[in-house]
There are 2 protein chains.
Amino acid sequence: MSNINDVAKEAGVSITTVSRYLNNSYPVNVNTKKAIQEAINKLNYKPNAIARGLVRKKTNTVGIIVPYITNMFFPEVVRGISDQCNAKGYDIILVNSNSDGFEEKKAVENFLERQVDGIVIIAPKIEKLPPSFYRKLNKTLPLVLVNKYFNDKDIVFIYNDERDGAFKATEYLLDLGHKNILFISGSENSYSSEVKIKGFNKALKSRGLLQKKNSEDNDNILISDYTSENTFKLIKSNMEHVRKHSAIFCANDLMAIGVIKALRSEGYEVPRDFSVMGFDDISISALYEPGISTVSQNITSLGKVSGDAIIKLISKEDVVRNQVLNTSLIIRDSCSRIKE
Amino acid sequence: MSNINDVAKEAGVSITTVSRYLNNSYPVNVNTKKAIQEAINKLNYKPNAIARGLVRKKTNTVGIIVPYITNMFFPEVVRGISDQCNAKGYDIILVNSNSDGFEEKKAVENFLERQVDGIVIIAPKIEKLPPSFYRKLNKTLPLVLVNKYFNDKDIVFIYNDERDGAFKATEYLLDLGHKNILFISGSENSYSSEVKIKGFNKALKSRGLLQKKNSEDNDNILISDYTSENTFKLIKSNMEHVRKHSAIFCANDLMAIGVIKALRSEGYEVPRDFSVMGFDDISISALYEPGISTVSQNITSLGKVSGDAIIKLISKEDVVRNQVLNTSLIIRDSCSRIKE
DNA sequence: TTGAAAGCGCTAACAA
DNA sequence: TTGTTAGCGCTTTCAA
């Protein structure tokens, strides 16, 4: 591997001039330019980004932390961020946290050592890591938090309006005449399930349908785990309870598929006997039969906007602190008007 | 941000001693250790990996190039590589090439400038970039090529035996009594489709069923584009031709779903009227109804083995040059014995 | 338009 | 067990 010295020697100039030519930072004589370029070609020289990063105190790198890269939702977001960053000359260091707060913290510290210019955390573990962690980090370097939110006016948050998505989906079901809607949550106390339940309840309340009880014995909510398999089992073993409802609203599409399969295995048809609504609009939902009505999370623009934001923060441009993206209802074939 | 000088001053020792403590490279007095650690804590010091990389000529980074991060197959591979690398203290720089040879080349050059310790290319564009490109790269630094192969005894290749997978799938169809099998290819002249067609033809030949023709008018092969939508259309507009066959073997699962949907919309049922076989075993295939019989590519171990290989290459350990992983037949419900 | 030299933060050879 | 010093490959003042 040749370095800038070799090039300078070969071209018969000083390394300063080579550097200037490389970076276009000062005028260089045309003939000198030619000589340098020839030397570069001859030696197959490539500037060392590490050395450059050391002196410039800028690595043109952004760190991304993702909970599960295998989760369909996230690669799409990573892709959006990565596209924006690459276009501006930044590279991506990607770390998979397994949705573990400790791993996330380790990744952040590693990023700091690596002198990344900015950090994007997708679905940060705000249930595990205290707000102070993120606040302090946000003071240290450009930071963007994606798809979660807590109250802080200095941090840049970019997320989908899941609450409104759940609200719209519930309204749609209500408009179809369903009065007893069962909600299948994906986890007990996560940010995402709480937000969706809020939207769900808001819609019920607006029609005077919200039962006034403490949340403990909410009997129109069942808790599953975001997987198709376990939701299948959950429905099968709670059929008696399920039968009291005419529509089932699931916190993600995978669970909606589990529900449909369970219902079928009990001899029911969707949407004939039950309406089933999903959330996320993963690619399966369009391919499945029946096509699953769901809430689209606008994943692509989530990534694009996040990538845009981190680049702007790094460039010290203004960025809106709190960007909430619209979700939209995707109507396919898994819901129908209630039979009287 | 404090540096090693600040720590040394604070602890009242030289920077060498701090460095030794940090790297555990030489014995340091217990009290000195304590003083240094206190200084580190007080100043919240983190070693600068860039500076360290410059002098050590090692960045603990591996570059990964992936054609489409949104393609379901690839995140799984990336995950495997990333797990292995992280466990050994390496970070991942990820670049999405859009399966474009030029982008891939740019990414490689960028990696070289960034002084990565090794490069893993998933599905390298060997149809566009000449073998010489990879051979030269392989002489420059540790390189692993995943899921493609060309004849070179110095490069480390890790790939699934797609040929054998296609062979086994075809044999299975043959064993069910199907004599007229239609193959849906995903592209015209790609490595992957050629390899699968070879396996397909080998099975036919072994039963004396291979038509002796030039490949131009192979009338048991239809060319699609790996998407569900276009395969749907292709089947619809070629129904007359399709009807001459009793089984359809698709080069990926998405196309299998497109085929099933098209068949349904023509009033047929799968597997009653046609048997349909996929390839890849993406997660939809288990959830779809009917469950799609397919060839599993062993994606997880593809990533794991690749990650392992690049680390070993970097550590100058021995690595098998040519690792082919077994594919396996996953039998679900989309194929049945032919009706007489 | 060009060059000499300092220095980015760190490691490692050499010396003590 | 510790410190001095050179230098990794580059950018950037300062001076010419």
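The structure presented is a predicted model; accordingly, all values stated were derived computationally and were not measured. We name chains A, B, ... by the order of the sequence lines, and we start the count at 1 in each one.
- At a cut-off of 3.5 Å, with distance as the only test, a side-chain donor of B/N322 or B/Y159 sits close to an acceptor on the other residue.
- Between A/N23 and D/dT11, a side-chain N or O to OP1/OP2 separation shorter than 4.0 Å is present.
- No donor-acceptor contact under 3.5 angstrom links the side chains of B/S97 and B/K125, judged on distance only.
- Of the N and O atoms on the side chains of B/T17 and B/S14, at least one donor lies less than 3.5 Å from an acceptor on the other residue.
- With hydrogens and angles disregarded, a donor-acceptor distance shorter than 3.5 Å links the side chain of B/D117 to the backbone of B/N60.
- Listed by residue number, there are no residues of residues 105-117 of chain A with a heavy-atom contact under 4.0 Å to DNA chain C.
- For B/D100, the salt bridge (charged side-chain N to carboxylate O under 4.0 Å, His left out) criterion is met by no residue, not counting sequence neighbours.
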Sort me out a list of protein N/O and nucleotides 1-3 of chain D N/O pairs below 3.5 Å, or just none if empty.
{"from": "D/dT2", "atom 1": "OP1", "to": "B/T32", "atom 2": "OG1", "distance (Å)": "2.4"}
{"from": "D/dT2", "atom 1": "OP2", "to": "B/N29", "atom 2": "N", "distance (Å)": "2.8"}
{"from": "D/dG3", "atom 1": "OP2", "to": "B/S14", "atom 2": "N", "distance (Å)": "2.8"}
{"from": "D/dG3", "atom 1": "OP2", "to": "B/S14", "atom 2": "OG", "distance (Å)": "3.1"}
{"from": "D/dG3", "atom 1": "OP2", "to": "B/T17", "atom 2": "OG1", "distance (Å)": "2.7"}
{"from": "D/dG3", "atom 1": "N7", "to": "B/R20", "atom 2": "NH1", "distance (Å)": "3.2"}
{"from": "D/dG3", "atom 1": "O6", "to": "B/R20", "atom 2": "NH2", "distance (Å)": "2.3"}

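- Residue pairs that meet the salt bridge (Lys or Arg N to Asp or Glu O under 4.0 Å) test with at least one member in residues 29-49 of chain B, sequence neighbours left out, are B/E10-B/K42.
- When DNA chain C is scanned 5' to 3' for any atom under 4.0 Å from a heavy atom of chain A, the first and last hits are C/dT1 to C/dG9.
- Atom-to-atom, NZ of A/K58 to P of D/dT12 comes out at 12 Å; the value is rounded to the nearest Å.
- Taking five base pairs at each end of the helix from C/dT1-D/dA16 to C/dA16-D/dT1 and finding the rotation axis that steps the C1' atoms of four pairs onto the next four gives two axes whose angle is 40°, to the nearest 10°.
- The 12-atom threshold is exceeded at CG of B/N41, counting heavy atoms of other residues, nucleotides or ligands nearer than 6.0 Å.
- Remark: the B/Y21 side chain and the B/Q37 side chain contain an N/O donor-acceptor pair separated by less than 3.5 Å.
- Sorted by first and then second residue, the salt bridge (Lys or Arg N to Asp or Glu O under 4.0 Å) pairs with a member in residues 302-313 of chain A read A/D308-A/K312; sequence neighbours excluded.
- Sorted by first and then second residue, the side-chain hydrogen bond (donor to acceptor under 3.5 Å, both in side chains) pairs with a member in residues 62-76 of chain A read A/E76-A/T300; sequence neighbours excluded.
- Every residue meeting the ring pair (Phe, Tyr, Trp, His ring centres under 6.0 Å) condition with B/F157, not counting sequence neighbours, appears here in chain and number order: B/Y149, B/F150.
- A/D91 meets the salt bridge (charged side-chain N to carboxylate O under 4.0 Å, His left out) test with B/R114; sequence neighbours excluded.
- A donor-acceptor pair is defined here as one N or O able to donate and one able to accept, closer than 3.5 Å; no such pair exists between the side chain of A/T59 and the backbone of A/G53.
- Applying the salt bridge (charged side-chain N to carboxylate O under 4.0 Å, His left out) test to B/K148 and every residue at least two apart in sequence or in another chain returns B/E127.
- Contacts with DNA chain D (heavy atom under 4.0 Å) in residues 37-55 of chain B: B/L54, B/V55, listed by number.
- Remark: the A/Q297 side chain and the A/D280 side chain contain an N/O donor-acceptor pair separated by less than 3.5 Å.
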